[in-house]
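Contents: one structure, followed by commentary.
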There are 2 protein chains.
Amino acid sequence: MKRSIGAKTVLYPTPVLIVGTYDAEGKPNMMAAAWGGICCSRPPCVAVSLRKATYTYGNIVAREAFTLSIPSEAYVEQADYVGLVSGRNEDKFAATGLTPVASNVVDAPYVGEFPFALECRLLHTIEIGLHTQFIGEVLDVKADEDVLDGDRIDIERVRPFLFAPDNGAYYGLGSRLGKAFSIGKKP
Amino acid sequence: MKRSIGAKTVLYPTPVLIVGTYDAEGKPNMMAAAWGGICCSRPPCVAVSLRKATYTYGNIVAREAFTLSIPSEAYVEQADYVGLVSGRNEDKFAATGLTPVASNVVDAPYVGEFPFALECRLLHTIEIGLHTQFIGEVLDVKADEDVLDGDRIDIERVRPFLFAPDNGAYYGLGSRLGKAFSIGKKP
């Protein structure tokens, strides 16, 4: 028997997406976002929701482009930091020592040190409420050779982490539970 | 130096969302979806993307409601199974032995055995391409007492798992890496 805990935003797992953009002066910026994910297979699209108050919001509206870099466990401190301060007041790449790499397909930078990044052109902008959802078409994916198995990105080499809203904490990747779409054949 | 692997939908972590709906005859159905997540804090909203070919798609359009139940590791087989077969041909609750519980706030059922569920009324329908994105306002959250710490849902008691698209596999929850919005204060 479950009990009601009211309307709120809790869902596990929630990703840690580092959104890369350029501002009006061409300064690269990045912020952490957890409200997002994949939203379409063809065309390949991702969604990320941001408050209008963020510096990144204006950058995406102006440039119609963004990247999503996925940090590995080794970068949990830096990823947390870029969710704390605004690019309006700070150069977050300089502060963290991370490297902005210019995408060759969209007008946005990604994080050189993180294992892979999605390069997206803005496709739809959905006003929901406090958050605006940006849907981006993935035009290319860039990945480090050492996380790749052919052209597939191996999660065990990426070592991503997740954000747990109600715990207010980050968690690493656990063990492999089985192959998708086959372990459940005989429930 | 990263290399291009082409445009595709890969992002870690990706959730395992069990979408609960009723069909035209009132038969409860559930399916697994990984393209989704939280998309707004106020009003609290979640997004889930489905292909038009799914049985669930028609149910959501007709009833303007759905639930998202979050399975724990113990139910990885059942969760995988409900992503494999269609509710058009099968009663997936009967096949898995899981219990449909009628929501008291929206016209949709959730999974009784899973630790918590979000009850959503349809707010927006976004046609993207192969997938249609449904944005639902969370009207209430129901949770088992044994995963709650007050009104907060403890991820360590939920033991959720994630889907890794490029690995085609499920992974469990790893260790706690630190408190969000404080470990990164001095990068």
Side-chain angles (χ1 to χ4, degrees), chain A residues 2 4-5 7-13 15 35-45 49 76-78 80-81 84 96 128-131 133 138-144 151-153 155 158 160-162 164 166-181 183-184 187, chain B residues 2 4-5 7-13 15 35-45 49 76-78 80-81 84 96 128-131 133 138-144 151-153 155 158 160-162 164 166-181 183-184 187:
Chain A
K2 289 180 168 52
S4 162
I5 56 168
K8 65 171 175 172
T9 47
V10 58
L11 187 146
Y12 300 132
W35 291 178
I38 296 167
C39 65
C40 186
S41 296
R42 274 203 311 273
C45 290
S49 291
V76 65
E77 268 191 43
Q78 287 86 344
D80 188 50
Y81 171 77
L84 271 172
T96 53
I128 307 176
L130 179 63
H131 286 78
Q133 181 187 240
V138 182
L139 296 187
D140 197 9
V141 178
K142 300 294 196 298
D144 287 334
D151 279 352
R152 296 187 310 110
I153 299 177
I155 193 171
V158 170
F161 56 97
L162 65 90
D166 262 17
N167 289 70
Y170 303 107
Y171 286 84
L173 182 71
S175 59
R176 188 177 183 280
L177 301 177
K179 192 159 177 270
F181 312 122
I183 54 170
Chain B
K2 290 179 166 53
S4 163
I5 56 168
K8 65 170 174 173
T9 48
V10 58
L11 187 146
Y12 300 131
W35 291 179
I38 296 168
C39 63
C40 187
S41 296
R42 274 203 311 273
C45 290
S49 291
V76 64
E77 266 191 47
Q78 288 85 344
D80 187 50
Y81 172 77
L84 272 172
T96 54
I128 306 176
L130 179 64
H131 286 79
Q133 185 193 50
V138 181
L139 297 187
D140 197 9
V141 178
K142 299 294 196 298
D144 287 334
D151 278 353
R152 296 186 310 109
I153 300 177
I155 192 171
V158 170
F161 56 97
L162 65 88
D166 262 16
N167 289 72
Y170 303 108
Y171 287 83
L173 182 70
S175 59
R176 189 179 182 280
L177 301 177
K179 194 160 175 270
F181 311 122
I183 52 170

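Each chain gets a letter, A, B and so on, in the order the sequences are listed, and its residues count up from 1. Because the structure is a prediction, the values reported are computed rather than measured.
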Greatest number of heavy atom pairs closer than 4.5 Å to chain B - which of Cys40(A), Ala169(A), Gly178(A)
Cys40(A)

Most contacts with chain B, counted as non-hydrogen pairs under 4.5 angstrom, among Val158(A), Asp140(A), Val76(A):
Asp140(A)

How far apart are the closest heavy atoms of Phe181(A) and Tyr170(B), and which atoms are they?
N-OH, 4.1 Å

Between Lys8(A) and Arg152(B) the two heavy atoms that sit nearest each other are NZ-CA, 3.8 Å

Looking only at Val10(A), Leu162(A), Ile5(A), most heavy-atom pairs under 4.5 Å shared with chain B are made by Ile5(A)

Can you tell which part of Leu11(A) gets under 4.5 Å to a heavy atom of chain B, answering side chain, backbone, both or neither?
both

The interface call for Pro160(A) against chain B, heavy-atom contacts under 4.5 Å, is side chain

Highest number of heavy-atom pairs under 4.5 Å with chain B among Ala164(A), Ser175(A), Gly37(A) belongs to Ser175(A)

Is Ser41(B) in contact with chain A via its backbone, its side chain, both, or neither, using a 4.5 Å heavy-atom distance?
both

Determine the option with the most heavy-atom pairs under 4.5 angstrom with chain A, choosing from Gly129(B), Gly36(B), Cys45(B), Pro44(B).
Pro44(B)

Taking every non-hydrogen pair under 4.5 Å, which of Pro43(A), Ser49(A), Cys39(A) racks up the most with chain B?
Cys39(A)

Which portion of Ile153(B) sits near chain A, non-hydrogen atoms under 4.5 angstrom:
both

Relative to chain A, which of Leu173(B), Ile155(B), Val138(B) shows the most heavy atom pairs under 4.5 Å?
Ile155(B)

Taking all non-hydrogen atoms of both residues into account, name the closest pair between Ile183(B) and Glu77(A) and its distance.
O-CG, 3.6 Å

Between Trp35(B) and His131(B), what is the ring plane arrangement, given parallel below 30°, perpendicular above 60°, and tilted in between?
tilted

Rounded to the nearest 0.5 Å, what's the gap from CG on Asp80(B) to OG1 on Thr96(B)? Could you check?
12.5 Å

Tell me, side chain or backbone of Thr9(A) under 4.5 Å from chain B's heavy atoms, or both, or neither?
both

